[in-house]
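Down below is the structure, laid out as structure tokens.
Hydrogens, waters and symmetry mates are skipped; everything else that's a heavy atom, side chains included, is used. Note that this is a predicted model, so its numbers are computed, not measured.
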Amino acid sequence: MRRSAFTLAESMMALLISMVTVLALGQTVKIVDQVNQRALDMPTDWYLFVTELELSDRHFSLYQCQDEQHAVLYGAATKKYYELTAENGRIFLRLQHGGGYLPMLYQVQAATFKQLGRQRLEIEVKRSNGYRQTAVICLAPSQKQYAAGGDDHAEYYDSSRFGSVSISGWPSKTDSSS
């Protein structure tokens, strides 16, 4: 008597299809975990970014907000000027004249820097996941500010020299579409 059964080729094909399906599901789960981890990392890296700028060991003071994508900071500890720059989906800190750079924040869709007085810098960031994060960073007073005392003396701060800095795609405050 002859029984009907799967042939060796059919069994191997079923095993191959099962193996590919299990591998694809495993990769899908891995990708979903990575996306979820990134979503959890965004608030964490934001707080680390803000803390790093305000860290008393660095003694960063705000020199000025420059055009479009830069704020210039002075590091009293190193006696060097740094540019806080937002471009290419990240915010990084680099030496103003030569040297490397320190990536500080990734997955940035758009950012706005705005000087508030002589020591405060408002940074508003729209992340690639659509979340908006805003911080007012209080930096160390500059040497002039130590000598003069206080924070917002009109003789050192002229609001007409500084404005909002934005990356393309981020509406400015004067933009009629916002």
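- In this structure the side chain of T134 reaches within 4.5 angstrom of the side chain of E122, judged on heavy atoms.
- Remark: side-chain polar atoms of E10 are not paired, donor with acceptor, to backbone N or O of M12 under 3.5 angstrom.
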*Evaluate the side-chain contact (heavy atoms from CB on, under 4.5 Å) criterion for residues L84 and L121: first the C-alpha distance (whole Å), next the side-chain angles of each, then the deciding distance (0.1 Å), finally the verdict.*
CA-CA 11 Å; L84 185 63; L121 178 67; 4.1 Å; yes
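- Between the side chain of R120 and the backbone N or O of L62, no donor-acceptor pair lies under 3.5 Å.
- Aromatic ring centres of Y81 and Y74 lie closer together than 6.0 Å.
- Contact between S61 and A140 at its shortest, heavy atoms only, is CB-O, 3.0 Å.
- A donor-acceptor pair is defined here as one N or O able to donate and one able to accept, closer than 3.5 Å; such a pair exists between the side chain of R127 and the backbone of Q107.
- Side-chain contact between F92 and L102 is absent, with no heavy atoms from C-beta onward closer than 4.5 Å.
- Atoms CG and CD, from L93 and E52 in turn, are 8.5 Å apart once rounded to the nearest 0.5 Å.
- Shortest non-hydrogen contact noted between F6 and S11 is CB-OG, 3.7 Å.
- Rounded to the nearest 0.5 angstrom, L25 CG and K30 NZ are separated by 14.5 Å.
- Y101 and Y82 are assigned to two separate hydrophobic clusters, defined by single-linkage of ILVMFWY side chains at heavy-atom distances under 4.5 Å.
- Atom-to-atom distance recorded for Y106:OH and I91:CD1 is 12.0 Å, nearest 0.5 angstrom.
- Residue L116 holds its CG atom at 10.5 Å from SG of C138, rounded to the nearest 0.5 Å.
- With contacts defined as side-chain heavy-atom distances shorter than 4.5 Å, the pair I123/W46 qualifies.
- Contact of the V108 side chain with the N88 side chain is not registered, since no non-hydrogen atoms from C-beta on lie closer than 4.5 Å.
- Connection of V125 to Y47 is established within a shared hydrophobic cluster, with ILVMFWY side chains joined at heavy-atom distances below 4.5 Å, either directly or through further cluster members.
- Side-chain contact between L95 and T78 is absent, with no heavy atoms from C-beta onward closer than 4.5 Å.
- Side-chain atoms of D45 and F49, non-hydrogen and from C-beta on, never get closer than 4.5 Å to each other.
- A pairwise comparison of heavy atoms in F113 and A86 identifies CZ-CB, 4.0 Å as the closest pair.
- Side chain of Q96 to main chain of E83: no donor-acceptor pair is present (N/O by atom type, distance under 3.5 Å, no hydrogens or angles).
- Pairing each heavy atom of V136 with each of E54, the nearest pair is O-OE2, 3.8 Å.
- Between L73 and L139 the shortest side-chain heavy-atom distance falls below 4.5 Å.
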Quick one: do Q64 and H70 satisfy side-chain contact (heavy atoms from CB on, under 4.5 Å)? Show the steps, please. CA-CA 9 Å; Q64 71 178 12; H70 305 87; over 6 Å; no
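- For the pair L105 and R90, the minimum side-chain heavy-atom distance is 4.5 Å or more.
- For the pair C65 and K114, the tightest heavy-atom approach, listed with the atom from each and the gap, is SG-C, 4.0 Å.
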